[in-house]
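Lettering follows sequence order; numbering is per chain, from 1. Heavy atoms only: backbone and side chains are in, while hydrogens, waters and symmetry mates are out.
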2 protein chains.
Amino acid sequence: MILCSIADLSRASGATPRTLRFWESEGLIQPKREGQRRLYDQRARTRVKLIQRGQRLGFSLAEIREIVDLYDAPAEEAAQLSLLLARIAARRRQLEAKRADIEETLAELESVAAVCKERLVNLEGDAQ
Amino acid sequence: MILCSIADLSRASGATPRTLRFWESEGLIQPKREGQRRLYDQRARTRVKLIQRGQRLGFSLAEIREIVDLYDAPAEEAAQLSLLLARIAARRRQLEAKRADIEETLAELESVAAVCKERLVNLEGDAQ
DNA sequence: ACTAACGTTTACGTAAACGTCAACTTTTGA
DNA sequence: TCAAAAGTTGACGTTTACGTAAACGTTAGT
């Protein structure tokens with residue numbers, strides 16, 4: 001299954017055909033063509049997964065495009081490589097900040113949960 | 001500084017007055033009133049920070065409202081406490097899934113960075 | 001041969017999360 | 001006292017990320 005139709009990829013990914021066409025119009029994926037019809041190869045399917053992961057993390061499509069472009073930027077010159085490394089470092093910092101937000105939220109939720117559990121235990125004790 | 005104006009909170013938080021009023025209209029914050037004017041206490045300011053953190057994590061305002069409401073839900077009965085604990089557990093799983101997405105992305109970016117650095121070293125070697 | 005099923009482009013509609021006036025009242029410093 | 005500054009409530013505009021519908025071409029099974 002090296003190439004698949006838009007319906008196949010839609011079923012496999014959960015994204016609607018409309019969404020896949022929209023992402024293409026935004027330059028996020030570039031499927032092959034057989035006449036008019038789109039044909040998605042492994043590279044396109046991988047990018048769809050990257051797009052969806054980016055969305056789960058709250059990135060806009062514009063940011064997602066920049067992120068996935070980091071993966072296959074054809075860097076030859078030293079200057080291009082340095083620029084690419086700088087961009088990767090910036091995204092890493094951004095992701096680490098998000099991770100820190102997550103850790104804080106998790107800690108707070110755990111603390112609320114602890115209070116809840118204690119109250120539950122007290123209620124059970126009163127009931128006996 | 002137990003109470004502050006909308007302009008004060010706007011400066012302190014980075015959210016515009018329009019945004020603060022919008023969040024209020026959506027039921028995310030409930031400032032006091034002095035006549036017509038809004039007065040924000042510490043509780044309101046804390047909620048603003050929670051909202052902004054939720055936004056950085058890609059949650060919608062509807063989700064954020066559910067999340068911040070977990071912090072001050074007045075659970076008295078055992079049934080309410082159990083429900084609250086279940087909701088907290090669901091949010092925890094969601095946050096852990098996001099964290100896993102972040103770890104994957106970080107790992108991939110590091111691998112791309114490693115390739116870049118290797119190429120850079122090779123280029124420097126060729127130059128000598 | 002024919003009709004579903006699948007695909008295409010084009011265009012308009014929509015929900016979320018505010019931005020941007022407008023028109024007006026209230027407060028406050030000179 | 002009086003004008004600037006700050007605040008208020010509508011109401012309409014904007015961007016993002018698609019949904020939905022129209023009108024049409026292509027392909028596959030009976």
Under 4.0 Å, heavy atoms only, any strand: does A:Gln55 hit a base, just the sugar-phosphate, or nothing? sugar-phosphate

Comparing B:Arg18 and B:Ala62 on DNA chain C - which has the more 5′ nearest nucleotide: B:Ala62

Report the C-alpha separation of B:Leu70 and B:Glu66 in whole Å, then their side-chain angles, then the decisive distance to 0.1 Å, and conclude whether the side chain to side chain contact (heavy atoms under 4.5 Å, CB included) test is met. CA-CA 6 Å; B:Leu70 296 180; B:Glu66 290 177 18; 5.9 Å; no

Hey, is the side chain of B:Thr16 poking within less than 4.0 Å of OP1 or OP2 on C:dC18, counting only N and O atoms? no

In whole angstroms, the gap separating P of D:dG7 from CG of B:Leu9 amounts to 11 Å

How close or far is atom C1' of C:dT8 from atom OH of A:Tyr40, stated in whole angstroms? 11 Å

Interatomic distance, A:Glu34 CD vs D:dG25 C1' [rounded to whole Å]: 14 Å

It should be established whether A:Thr19 places a side-chain nitrogen or oxygen under 4.0 Å from OP1 or OP2 of nucleotide D:dA17. no

In terms of hydrophobic clusters joined by side-chain contacts under 4.5 Å, are B:Leu39 and B:Ile2 together? yes

Can you find an N or O donor on one side and an acceptor on the other, under 3.5 Å apart, linking the side chain of A:Arg21 with the base of C:dT9? no

Kindly give the heavy-atom pair with the smallest separation between A:Ala113 and B:Leu85, and that separation in Å. O-CD2, 3.6 Å

Toward the 5' end of DNA chain D, which comes first, A:Phe59 or B:Arg37, by nearest nucleotide? B:Arg37

Between C:dC6 atom C1' and A:Arg38 atom CZ, what is the distance in whole Å? 13 Å

Options D:dT8, C:dC18, C:dT8, nucleotide nearest the side-chain atoms of B:Leu61: C:dC18

Rounding to an integer number of Å, can you tell me how far A:Arg33 CZ sits from D:dT26 P? 14 Å

Closest to the B:Ile6 side chain, choosing from D:dG7, C:dT9, D:dT9: D:dG7

Identify which nucleotide among D:dG19, C:dT8, D:dG7 has an atom closest to any side-chain atom of B:Ala7, counting heavy atoms from C-beta outward. D:dG7

Choose from D:dT8, C:dA17, D:dC18 the nucleotide whose nearest atom is closest to any side-chain atom of A:Phe22. D:dC18

Between C:dC6 (C1') and A:Leu20 (CG): distance, integer Å: 15 Å

Does one hydrophobic cluster hold both B:Ile29 and B:Tyr71, with members joined at side-chain heavy-atom distances below 4.5 Å? yes

Find out whether A:Val48 and A:Trp23 are in side-chain contact, i.e. whether some heavy atom of one side chain is under 4.5 Å from a heavy atom of the other. yes

Testing C:dC18, D:dG19, C:dT8 for proximity to the side chain of A:Gln36, the answer is C:dT8

Which nucleotide in the set C:dG7, C:dT8, D:dG19 lies at the smallest distance from any side-chain heavy atom of A:Ser5? C:dG7

Between atom CD in B:Glu24 and atom P in C:dC18, what is the gap in whole Å? 14 Å

Measure from CH2 on A:Trp23 to P on D:dT16 and round the result to the nearest Å. 17 Å

